[in-house]
Amino acid sequence: MPPVEPAPASSDPFEAIPLQGDALPFVGDREVHDRGSGMMELHRKDAAVVYAYVIDMRSYLDEGEFVTAASGTVTPISDPEMAIRRMEYDADGIALWLTGGQDELRYTVEIIARTNMRHTWRLRFAIITHGDAAPAEIIDITAEQIADAVGAGVGPILALSPASLTFTATAVGVTSAPRAVEVLNVGSDTVSLQSIAPAGAFSFTSNAQGRVAPGESFTLTVRFTPTRTGTVYGSIVIDGNTSVTLPLSGRGT
C-alpha cells in the first residue's frame, strides 16, 4: 500500500496521478465491476483501515483506447468524513484508497475517467460504513458514458461532477466551507456562457472565462449561508447556448 497522504474535502475532485508501481494493487473482492443491471455483490470489510478499490476499465474501452486522466469525489460530507487518500490510474484501470466515514451512512463514490480517444466516463458505486467508521460494504455500481466522445457529442453539452450538492448543518448567518463542482463540456461545439445564476441561500465563485471548448472545463466553488433553520433548497443555473442546473440543498440550524 502506498503511503497515506492528506485528504482534501470530499466535495473537491481528487485528481488521480499515473500509476506509481508496476501494476494496480491486488484487492481481491474489492475490485469494482459493472454488472450490467446496476447491482453487484455485497462485500463486508474489516474496520479502521484504509481500503484500496480498483475499477477495471477494460470492459468499457475500445481497441487501442486507454485511460489518460481520472478524478474522484465522495458525497455526502460527514463528520468524520469519508475521504479519498490516494488515487492512481494506468492504461486499463483506476485505483483509489478510501478511509474514514460516519457509521451506518451511505456514501456515493463518483469517478470521472477520460481516455486518449476523448471519451469521458462517469462511474459511481456506493459504500456503507460500520464498525469503527471504516469503509465496509459496496452496495452497487453503475457506469455511464457521459457522451459518445468528447468532441463527438451533438452540439454543446455541459456535464456536472458531482451532479448536485448537499451541505451539512450550518448555523443561521454562518457561511459554510466551500464545495467544488467541475463543469465539463462533453459536446462537439464550444459552449458560450451568458449567465451563472444562484437561487436560494447559496453563493458561488467561478473561474469560467465565457467560452468552454470541447473537452475543457471550469470549476464552481459554492457556499451555503442559511437565513433560517430547517432544510433549504436552491440551485445554480448555467445558461448560454446550452444550459444545465445544479441542484443544491442544506440545513440551517
Side-chain angles (χ1 to χ4, degrees), residues 8 11-20 23-24 31-36 38 53-75 84 86-96 108-125 141-164 180-194 196 206-221 236-246:
S11 61
D12 298 327
F14 192 108
E15 297 294 333
I17 61 175
L19 181 66
Q20 300 298 290
L24 292 174
E31 185 171 341
V32 177
H33 295 281
D34 182 17
R35 300 301 180 184
Y53 297 84
V54 169
I55 299 173
D56 187 345
M57 294 292 296
R58 288 174 294 183
S59 61
Y60 312 126
L61 301 177
D62 295 332
E63 185 176 355
E65 187 174 18
F66 55 87
V67 177
T68 58
S71 62
T73 56
V74 180
T75 55
I84 301 173
R86 189 176 180 91
M87 189 171 176
E88 299 179 3
Y89 67 89
D90 69 0
D92 298 326
I94 301 163
L96 67 158
T108 298
V109 181
E110 180 172 284
I111 307 299
I112 299 294
R114 298 181 177 87
T115 76
N116 63 314
M117 293 185 179
R118 305 186 75 185
H119 291 162
T120 302
W121 289 89
R122 176 187 286 126
L123 304 105
R124 300 184 184 95
F125 64 98
I141 177 173
T142 61
E144 60 178 297
Q145 197 168 3
I146 294 177
D148 288 341
V150 173
V154 178
I157 305 171
L158 290 176
L160 303 175
S161 178
S164 63
V181 176
E182 182 185 21
V183 185
L184 173 68
N185 182 359
V186 297
S188 59
D189 297 339
T190 295
V191 172
S192 297
L193 299 173
Q194 295 178 353
I196 304 177
S206 172
N207 62 352
Q209 299 298 309
R211 295 174 65 84
V212 187
E216 293 186 352
S217 65
F218 65 92
T219 300
L220 294 177
T221 302
I236 294 177
V237 178
I238 304 170
D239 201 9
N241 59 344
T242 186
S243 65
V244 67
T245 299
L246 173 68

How long is the span from the CG atom in Asn207 to the OG1 atom in Thr219, to the nearest 0.5 Å?
-> 5.0 Å
What do the steps show when you test Glu88 against Asp90 for side-chain contact (heavy atoms from CB on, under 4.5 Å), and what is the final call?
-> CA-CA 7 Å; Glu88 299 179 3; Asp90 69 0; over 6 Å; no
For the side chain of Asp239 and the backbone of Gln194, is there at least one donor-acceptor N/O pair under 3.5 Å apart?
-> no
Taking the side chain as every heavy atom from C-beta outward, state whether Glu182 and Thr73 have any pair of such atoms under 4.5 Å apart.
-> no
With Thr115 via side-chain hydrogen bond (donor to acceptor under 3.5 Å, both in side chains) - residues at least two apart | Glu65
Ile196 vs Phe218 side-chain heavy atoms within contact, under 4.5 Å | yes
The side-chain contact (heavy atoms from CB on, under 4.5 Å) partner of Ile112 among Ser71, Ser217, Pro13 is Ser71
Here the gap from Thr190 atom OG1 to Asn241 atom CG, rounded to the nearest 0.5 Å, amounts to 8.5 Å
Contact check, side chains of Val181 and Ile236, non-hydrogen atoms, under 4.5 Å = no
Residues at least two apart in sequence or cross-chain that pass salt bridge (Lys or Arg N to Asp or Glu O under 4.0 Å) with Glu110, listed by chain then number, are Arg122, Arg124
Distance col, row Ile111:CD1 vs Leu96:CG, nearest 0.5 angstrom, shows 5.0 Å
Report yes if some heavy atom in the side chain of Ile17 is under 4.5 Å from a heavy atom in the side chain of Glu15; otherwise report no.
-> no
Which heavy-atom pair separates Gly64 from Met117 by the least distance, and what is that distance?
-> C-CE, 3.8 Å
Can you check whether Tyr60 reaches His119 side chain to side chain, under 4.5 Å on heavy atoms?
-> no
Decide side-chain contact (heavy atoms from CB on, under 4.5 Å) for Val183 and Val212; before the verdict, give the C-alpha distance in whole Å, the side-chain angles of both, and the deciding distance to 0.1 Å.
-> CA-CA 9 Å; Val183 185; Val212 187; over 6 Å; no
Heavy-atom pair of closest approach, residues Met87 and Ala70 | CE-CB, 4.0 Å
Hey, does Leu246 have a side-chain heavy atom less than 4.5 Å from the side chain of Val244?
-> no
CD (Gln209) with more than 12 external heavy atoms under 6.0 Å | no
Here the gap from Leu193 atom CG to Thr242 atom OG1, rounded to the nearest 0.5 Å, amounts to 10.0 Å
Kindly compute the distance separating OH (Tyr89) from CE (Met57), expressed to the nearest 0.5 Å.
-> 12.5 Å
Compare all side-chain heavy atoms of Ile238 with those of Leu160 and state whether any distance is below 4.5 angstrom.
-> yes
Atom of Asp56, atom of Arg58 and distance for their closest heavy-atom approach | OD2-NH2, 2.7 Å
Is there side-chain contact between Glu216 and Asn185, with at least one heavy-atom pair below 4.5 Å?
-> no
Nearest heavy-atom approach of Pro162 to Ala180 is CD-O, 3.8 Å
